[in-house]
Undergrad: 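The structure's right below; bear with me while I get my questions together.
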Amino acid sequence: MIKIINLKKSFGDKKVLDGVNLEIEKGKITVIIGRSGEGKSVLIKHIMGLLRPDEGSIFLDDLEITSMRERDFNEVRKRFGMLFQGAALFDSMTVAGNVGFPLKEHTDLNDEDIIKVVREKLKRVGLVGVEEMMPAELSGGMKKRVGLARAIVMDPEIVLFDEPTTGLDPIMSDSISDLVLDTQRVLKTTYILITHDIPFTYKIADKIAMLHEGKIIEQGSVEEMKANPDPILRQFLEGRAEGPIKVY
Amino acid sequence: MMREYLERLGKTAERFVDSTGQMALMLAQAAMYAFLPPIKFRNIFKQMEFVGVQSLFVVILTGSFTGMVLALQSYNALKRFGAESLVGPTVALSMARELGPVLTGLMVTGRAGSAMATELGTMRVTEQIDALITMAVNPVKYLVVPRILAGILMFPILTIVTDFVGVVGGYMIGVRLLGINPGVYIGRTIDFVQVDDIVTGLTKSIVFGLITTLVASYHGFYATGGAEGVGRAATSSVVLGSVLILVSDYLMSSFMV
């Protein structure tokens, strides 16, 4: 389980996280929603150790990770996988090179065994025969799938997704949500997603948490959130311009 | 008005101290990781090929024309004192001590330094460097160390090539075009040029290799602001790299005379 306690982060005068408290259950899909620029990416970058907080703690089981030295944090990172918004595939490597990269860096597997694992993971995300393609030759949806294959190639305990459906058409978005559900069911991994795609959230979430003005203002299951009368949450879930959240 | 000026000056000074500190930190990290296993020889060779082999054409072109023009100009000057036989040593000494390392440094900074900053900058803004970190791979060890090692190893080799083609270019002009006796040309050159002169040039080139690759890596690694930021990183790396090469050349020359 991941426990985030009173997490605060500012960039210059701008307060981005202002005391985030959140518990993420093991083996479940937690979706963090919120408007663009509300600090969702900043929050998951803290979980991955890409950013360090000004205040607060993050516990991974009993391990406090925010105060860890970089070298020790690397051991924790091996328990994680991450799918970036733009997939962040290495331009200079083939699809197989990208997916097999963590195996090459952290295991003693030979090239033959690595390509076997790579093919299996690519098949799991619905891609066959793309091993030798370069990232520039892939469509947006294919890039996300390859990114997901890379994120799960080491069979991590926790996978983080940064806006997995942004930039995709609705059909591809739906196919990504199926993929998220399928892989999570098979691997029993803890998935943490950030998004502002509401239909996608309703389809996959075990738990939804809404980040607003640097705090988690509401959290609960899909049904609980649908029934929650909070006006900020309602405005966001219903996608209305009028309401307590001001549009600038 | 005065206050605004002072504020701007203060911010510029702060930025300078900040970036110098970050660059020093990057160098210290790179020095540490360079000796920590696992050492990725494949990455180092790839960068050596990029910095060295792919820069050969440009340094051969620069070196040969510089040697040729040096011979032409020094011949015109030395003829007035009846010292045409010193054209060979003039070309060889200028190339070995100064022009070989400096021109190589400037040309490779323009070619490889800008490309390095662009590549790393693109990796930064497309989150590829963050992806490396999330995969528990240290980006300084994986990306910066091979580039700095390639610079330190390949700049001296490129400088030797520049020196050699410069001397050959000078010989072609001095002997073939201007009619200096080839025996005199080569003999005087050997008489005047000492091993120390070549070592001085090669020492400088090692420092230039470090400057070019460190500055390019730093600017690319910390690039921000999308495509514009990547462009800015490439420009800054060439400008700062070139300025630092010229300043450090003066400082080293004043100590090595």
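Just so it is clear: chains get the letters A, B, ... in the order the sequence lines come, proteins before strands, and each one is counted from 1.
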Undergrad: Check the surroundings of atom CZ in B:Phe45: do more than 12 heavy atoms from other residues, nucleotides or ligands lie under 6.0 Å from it?
TA: no
Undergrad: Should B:Asn138 and A:Arg71 count as side-chain neighbours, where that means a heavy-atom distance under 4.5 Å?
TA: no
Undergrad: Within this structure, what is the CE-CG distance for the pair A:Met48 and B:Asp130, rounded to the nearest 0.5 Å?
TA: 9.5 Å
Undergrad: Would the number of heavy atoms belonging to other residues, nucleotides or ligands and lying under 6.0 Å from CD of A:Glu112 be above 12?
TA: no
Undergrad: Where on A:Leu160 is there a heavy atom nearer than 4.5 Å to chain B: the side chain, the backbone, both, or neither?
TA: neither
Undergrad: If you look at every heavy atom in B:Glu127 and A:Gln85, which pair is closest and at what distance?
TA: OE1-N, 4.0 Å
Undergrad: Measure A:Glu70 against the heavy atoms of chain B and call it side chain, backbone, both or neither at under 4.5 Å.
TA: side chain
Undergrad: Got more than 12 heavy atoms from elsewhere within 6.0 Å of CD, B:Glu228?
TA: no
Undergrad: Got more than 12 heavy atoms from elsewhere within 6.0 Å of CG, A:Asp62?
TA: no
Undergrad: Measuring only between side-chain heavy atoms, which start at C-beta, is A:Glu105 closer than 4.5 Å to B:Tyr142?
TA: yes
Undergrad: State, with a plain yes or no, whether a side-chain heavy atom of B:Thr134 is found less than 4.5 Å away from one of A:Phe80.
TA: no
Undergrad: More than 12 foreign heavy atoms under 6.0 Å from NZ of A:Lys26: is that the case here?
TA: no
Undergrad: Do B:Met135 and A:Lys78 make a side-chain contact, defined as non-hydrogen atoms from C-beta onward lying under 4.5 Å apart?
TA: no
Undergrad: I'd like to know whether CD of A:Glu25 has more than 12 heavy-atom contacts from other residues, nucleotides or ligands below 6.0 angstrom.
TA: no
Undergrad: Between A:His106 and B:Ala136, which heavy-atom pair has the shortest distance, and what is it?
TA: CE1-O, 3.3 Å
Undergrad: So what's closer than 4.5 Å to chain B heavy atoms on A:Phe101: side chain, backbone, both or neither?
TA: side chain
Undergrad: Which of the residues B:Ile129, B:Val137, B:Thr126 is involved in the greatest number of heavy-atom pairs with chain A at under 4.5 angstrom?
TA: B:Val137
Undergrad: Would one find more than 12 heavy atoms of other residues, nucleotides or ligands at under 6.0 Å from atom CZ of B:Phe164?
TA: no
Undergrad: Which value, rounded to the nearest 0.5 Å, describes the distance between A:Asp91 atom CG and B:Met123 atom CE?
TA: 7.5 Å
